[in-house]
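Before any comments, here is the structure.
What's counted below: heavy atoms across the whole structure, side chains too, no hydrogens, waters or symmetry copies. Indexing begins at 1, ligand by ligand and atom by atom, following the structure's order. Each residue takes its place number in the sequence, starting with 1.
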Amino acid sequence: MEIPFNVVDYLEDTIHSVAKEIPELGEEFHPDVRTADPKFGDFQANGIMSAAKRLKMNPRQLAEKLVTALQNSPKLDSKLITISIAGPGFINFKFLPNFYPAWLKLYHNEKAFQKASGNIYHNKTISIDYSSPNTAKQMHVGHIRSMVIGEAIQRMLRFCGATIIRDNHIGDWGTQFGIIIMGVKEFNYDLDAPHADPLEDLEDIYKKGNALFESSDSWKERARSELVKLQQGDPQNIKLWEKVNQVSYAAFQKIYDMMNIHFDVVLGESFYRTKVDRIYKELTETGIAKESQGALIVMHSPDAGNPQSYPFLIRKKDGASNYSSTDLATALHHVEENKVDEMIYVTDGRQQDHFKYLFKTVNQWFDAKGYKKPEFKHAWFGTILGEDGKAIKTRSGTPIKLKDLLQEAIDRAYTIVQEKNPTLDEASHQHIAKVVGLGAVRYADLSQNRTSDYIFSWDKILSFEGNTAPYLLYAIARIHSIFKKANIPIDSDFAGDLTFETHEELILARKIMEFPVALKHAIIELRPHILCTYLFELSVAFSTFYSANKVIVEEENIRNKRLLLCAGTLQILETGLHLLGLETLEKM
Ligand code: ARG
């Protein structure tokens, strides 16, 4: 029997193939394998219960049949695994103590994990649209979510074998430009002169311009005509628009550099504005879109989620493209140019309707034209709340700028790090503060189920206790120091009789083996918090093990098997945090 990386998948597949040959169970039998209560075993198959109900059979008898067949299968070696029936018909699998060291030796570092995971998304090309801020505005706290969730998802998918296209779909063609251009002209702002923070100035101009816009119809008219001039290609307005985008891109880039985020495709909405005519034509000729008072609309019928018909506007009355038409053009672009199999969008939950009807529209259109349809997924997220439970704001009520939040994280971490380890040199303090501070902000976001809102609290995210980045980073540094103190390389070949015996050894070994299960679950759901929860549980299991079982002991067999567990924990914690986009440290 080969030692499988993902034990749950292996058991599922094996049981499935064995059950196929049992007439009562057959092809549709679903084994439903999960981790078990350690009292009974390591993993448990629950599928017999529902099968017996469906077949109106005695579950115990059915379980016995299946177990006999499993025991005869060469895929389950009785020297490595025992099978038993518990209760009315649950099937328990218990790994014998020599299974774990074999697993740990085979899957011993990031490369090996990646090799063993690479088949999950092998041959799949996936585009993922994340970050995607609007120009002429600074990023505020809320922008962090799309960025860090998108980054974690793309890293996990790539790790599991997908070819990834990271797409930053910048909002650079919105109605904000009418007001901005009006403001720049009205307030004589010289975009070419040097400015300390030009994006901040532009935001200011936007605010003042907007006040004018709201104040009278003549200002409204003026802003509108600047926008029309821009859309018609007026050279002066195009130049201003380009300059504003340039300034915005430069400010975004500073944040991406800090967060170590890179894209493969950075195309603004403006790139697609010339590609929308084909969209209007194809959607009209297939009868999917209809003109209505000059606008072009796709009317979607009521469905389970919405009792009303939904008009999906794809061309405005004045003939201009909009958010939906450029998104339709983007989908076609990725399918034709990049041959994507799947498209993922990471945005705020308030855009759920937009994406629902975008996907519906593309599916109808591609069906009508016979284009290959990709699979669409909207990975949406909730809001970050302040400690008062309301949308997070500065004391004066303005949105918190992302760059300020990130700097504050580093500054706060610096103070903590200096207190914890005053003897380190200044350069180390600064490096550790950056990794811990930025990691803490990132991890706080990722460790929450993305579809819930969460409360942002400095004390909580920077705490060394609980499910936080500092806790995990510290666990990693501690394991590094075990190896350093003993002067033993982490990737040593830990030889000897490595049979695990103590309760803590066994619990930790089993937890380590759950890594592939948690990773797969996280990518199928596109929910990084599943991986976070797992990593936290792993470091708790490690802590328990480490305080109950002395590692550096005289006896070589015991020392080696415990070091093997330390190395396994370390490799998974590091790999896991890297997949989430965090950097890790060897000392703290
Ligand atoms: N620019 C949009 C915003 O800030 C997000 C864009 C998301 N991507 C897309 N293809 N619609 O809300």
Side-chain angles (χ1 to χ4, degrees), residues 126-151 153-154 164-177 179-180 199 202-203 206 241 244-245 248-249 251-253 255-256 261 263-273 275-276 279 298 312-316 320-338 340 342-363 365 374-384 391 399-402 450 526:
I126 304 176
S127 69
I128 170 163
D129 175 326
Y130 65 112
S131 189
S132 308
N134 297 332
T135 55
K137 285 186 210 145
Q138 313 197 51
M139 289 199 216
H140 57 78
V141 188
H143 286 102
I144 199 172
R145 298 217 76 182
S146 174
M147 204 150 77
V148 305
I149 296 171
E151 180 68 15
I153 290 177
Q154 75 87 9
I164 298 285
I165 297 160
R166 299 165 294 186
D167 182 9
N168 194 2
H169 187 83
I170 307 241
D172 64 354
W173 197 242
T175 44
Q176 75 264 36
F177 279 99
I179 292 172
I180 281 274
L199 193 52
L202 284 172
E203 235 180 0
Y206 179 81
W241 167 75
V244 170
N245 285 333
S248 309
Y249 274 64
F252 298 158
Q253 194 53 48
I255 294 202
Y256 296 142
I261 287 179
F263 295 98
D264 305 300
V265 178
V266 184
L267 292 172
E269 287 169 23
S270 65
F271 170 80
Y272 298 100
R273 73 185 192 275
K275 310 208 170 326
V276 289
I279 312 295
V298 179
F312 190 63
L313 179 72
I314 64 168
R315 192 187 64 210
K316 293 196 266 184
S321 61
N322 68 356
Y323 193 54
S324 303
S325 31
T326 44
D327 263 344
L328 289 167
T330 311
L332 185 65
H333 178 80
H334 278 311
V335 167
E336 289 190 337
E337 298 295 314
N338 301 316
V340 293
E342 194 172 313
M343 296 185 71
I344 300 172
Y345 300 79
V346 188
T347 82
D348 189 293
R350 281 168 293 194
Q351 298 196 32
Q352 283 178 83
D353 273 348
H354 168 74
F355 284 105
K356 171 178 160 183
Y357 292 106
L358 173 71
F359 300 164
K360 278 194 170 200
T361 306
V362 178
N363 284 334
W365 163 34
E375 197 179 331
F376 289 108
K377 290 180 182 161
H378 184 206
W380 59 271
F381 50 80
T383 310
I384 307 180
I400 298 175
K401 293 170 199 156
L402 186 51
R450 64 174 162 76
L526 302 180

State, without any angle test, whether Asp327 and Tyr345 hold a side-chain donor-acceptor pair at a distance under 3.5 Å.
-> no
Please verify whether a non-hydrogen atom of Asn134 lies at under 4.0 Å from ligand 1.
-> yes
For ligand 1, which atoms sit closer than 4.0 Å to a heavy atom of Phe355?
-> 9 (C), 11 (N)
Contacting atoms of ligand 1, where contact means under 4.0 angstrom from a heavy atom of Thr347 | 7 (C)
Does ligand 1 have a heavy atom under 4.0 Å from the side chain of Tyr272, from its backbone, from both, or from neither?
-> neither
What's the shortest distance from atom 6 (C) of ligand 1 to any protein heavy atom, and which residue and atom give it?
-> Tyr323 OH, 3.2 Å
Ligand 1 to Asp129, heavy atom cutoff 4.0 Å, flagged ligand atoms 7 (C), 8 (N), 9 (C), 10 (N)
Give a yes or no on whether the backbone of Trp173 and the side-chain of Trp241 come within a donor-acceptor separation of less than 3.5 Å.
-> no
For atom 12 (O) of ligand 1, the protein heavy atom that lies nearest, with its residue and separation | Gln351 NE2, 3.0 Å
Would Ser248 and Asn245 count as having a side-chain donor-acceptor pair, cut-off 3.5 Å?
-> no
Ignoring hydrogens and angles, tell me if any N or O in the side chain of Glu203 forms a donor-acceptor pair with the backbone of Gln138 under 3.5 Å.
-> yes
Passing option when His169 is tested against Tyr130, Phe271, Tyr272 for ring-ring contact (aromatic ring centres under 6.0 Å, His included) = Tyr272
Side chain to side chain donor-acceptor pair (under 3.5 Å) between Ser127 and Asp167, intermediate numbers included = CA-CA 7 Å; Ser127 69; Asp167 182 9; 5.8 Å; no
For Tyr345, counting its heavy atoms only, list the atoms of ligand 1 lying under 4.0 Å from any of them.
-> 10 (N)
